[in-house]
Chemist: 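Got a structure here, written out as structure tokens. Questions coming.
Everything numeric here is computed off the predicted structure, so don't read it as measured data.
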Amino acid sequence: IIEEIEKGSKCQIIAPTGSGKSTLIAELAEKYNGVIIVPYLATTKLYEEKYHLKIITSNNRNEYNPSEPCVMVWDQAIFFYFYYRKVVFLDESHELFLERDFRERAIILMNQLKGLDNLICVTATPADEAKILGIENILKFNNKRKKDVNTIFYIYEYRSQMILSIQKE
């Protein structure tokens with residue numbers, strides 16, 4: 001991934017949920033003065049609280065500093081230019097491709113991102129966004145740890161009804 005950033009290449013990272021994608025891109029954004037574009041405002045709060053990245057919204061647009069790493073919601077990202085950034089991360093990249101509520105802005109952002117050479121898309125569930133954005137290099141990671149989960153099923157009768165209860169240990 002670092003090699004792709006250093007080369008200024010487009011690539012897509014596909015890794016399972018819970019594999020540390022957010023932590024990785026927050027650290028890389030910090031190291032390479034990157035911007036992280038996310039689908040939801042709630043996600044920006046995670047990056048602010050957990051990784052101390054500045055949130056840029058339409059309310060504080062004038063605080064945007066190109067020399068500082070930051071995070072923003074993708075429907076606001078269309079107002080900024082990222083060509084001078086070392087790296088741009090599109091977190092949950094499949095969401096942009098599948099978005100229906102803000103379709104016009106999604107299309108504008110997809111067209112802007114197509115022109116970037118320094119784009120890293122990150123997802124657990126790809127949806128052809130790599131093809132649309134012209135990404136050929138796809139880095140796929142698998143979770144080697146298998147989680148053993150014991151499930152206990154309880155069946156009991158309550159007021160002449162059979163009730164099934166499931167409990168995970």
Chemist: Only one of Glu48, Glu68, Glu63 passes side chain to side chain donor-acceptor pair (under 3.5 Å) with Lys54; say which it is.
Modeler: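 Of the listed residues Glu48, Glu68, Glu63, the side chain to side chain donor-acceptor pair (under 3.5 Å) partner of Lys54 is Glu63.
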Chemist: Between Lys21 (side chain) and Pro16 (backbone), is there a donor-acceptor pair under 3.5 Å?
Modeler: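 Side chain of Lys21 to backbone of Pro16: a pair is present.
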Chemist: For the CD atom of Glu92 and the CG atom of Leu98, what is their distance to the nearest 0.5 Å?
Modeler: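 It is 11.0 Å, given to the nearest 0.5 Å.
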Chemist: Applying the side-chain contact (heavy atoms from CB on, under 4.5 Å) criterion to Asp91, which one of Ile120, Val38, Ile13 satisfies it?
Modeler: Val38
Chemist: Group every Ile, Leu, Val, Met, Phe, Trp and Tyr by side-chain heavy-atom contacts under 4.5 Å, then state whether Leu96 and Val71 land in the same group.
Modeler: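 In one cluster: no.
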Chemist: Quick one: closest heavy-atom pair of Lys10 and Gly134, and the distance?
Modeler: CD-O, 4.0 Å
Chemist: Identify the heavy atoms of Ile14 and Ile138 that sit nearest to each other, and give their distance.
Modeler: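 Taking every non-hydrogen atom into account, CD1-CG2, 3.5 Å.
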Chemist: Return the CG to CD1 distance between Asp128 and Ile132, rounded to the nearest 0.5 Å.
Modeler: 7.0 Å
Chemist: So which atom in Tyr51 and which in Ala26 form the shortest heavy-atom distance, rounded to 0.1 Å?
Modeler: CG-CB, 3.4 Å
Chemist: Is there a side-chain contact between Phe89 and Ile5 (heavy atoms, below 4.5 Å)?
Modeler: yes
Chemist: Side-chain heavy atoms under 4.5 angstrom apart, residues restricted to Ile, Leu, Val, Met, Phe, Trp, Tyr: same cluster for Tyr40 and Val122?
Modeler: no
Chemist: Determine whether more than 12 heavy atoms belonging to other residues, nucleotides or ligands lie under 6.0 Å from atom NZ of Lys7.
Modeler: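 Count over threshold, so yes.
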Chemist: Check for me, please, whether Leu139 and Leu90 land in the same ILVMFWY cluster - side-chain distances under 4.5 Å, paths through other members count.
Modeler: no
Chemist: Is there a chain of hydrophobic side chains (I, L, V, M, F, W, Y, each step under 4.5 Å between heavy atoms) that links Ile1 to Leu133?
Modeler: no
Chemist: Please round to the nearest 0.5 Å and tell me the distance separating atom CD of Gln112 and atom CG of Leu119.
Modeler: 11.5 Å
Chemist: Do Ile56 and Ile108 share a hydrophobic cluster (ILVMFWY, side-chain heavy atoms under 4.5 Å, transitive)?
Modeler: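 Yes, Ile56 connects to Ile108 through the hydrophobic network.
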Chemist: For Pro69 versus Leu53, what's the shortest heavy-atom pair and its separation?
Modeler: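 Here Pro69 and Leu53 meet closest at CB-CD2, 3.9 Å.
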Chemist: Testing the 3.5 Å rule here: is there a donor-acceptor pair between the side chains of Thr57 and Gln76?
Modeler: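 No, no side-chain donor-acceptor contact under 3.5 Å.
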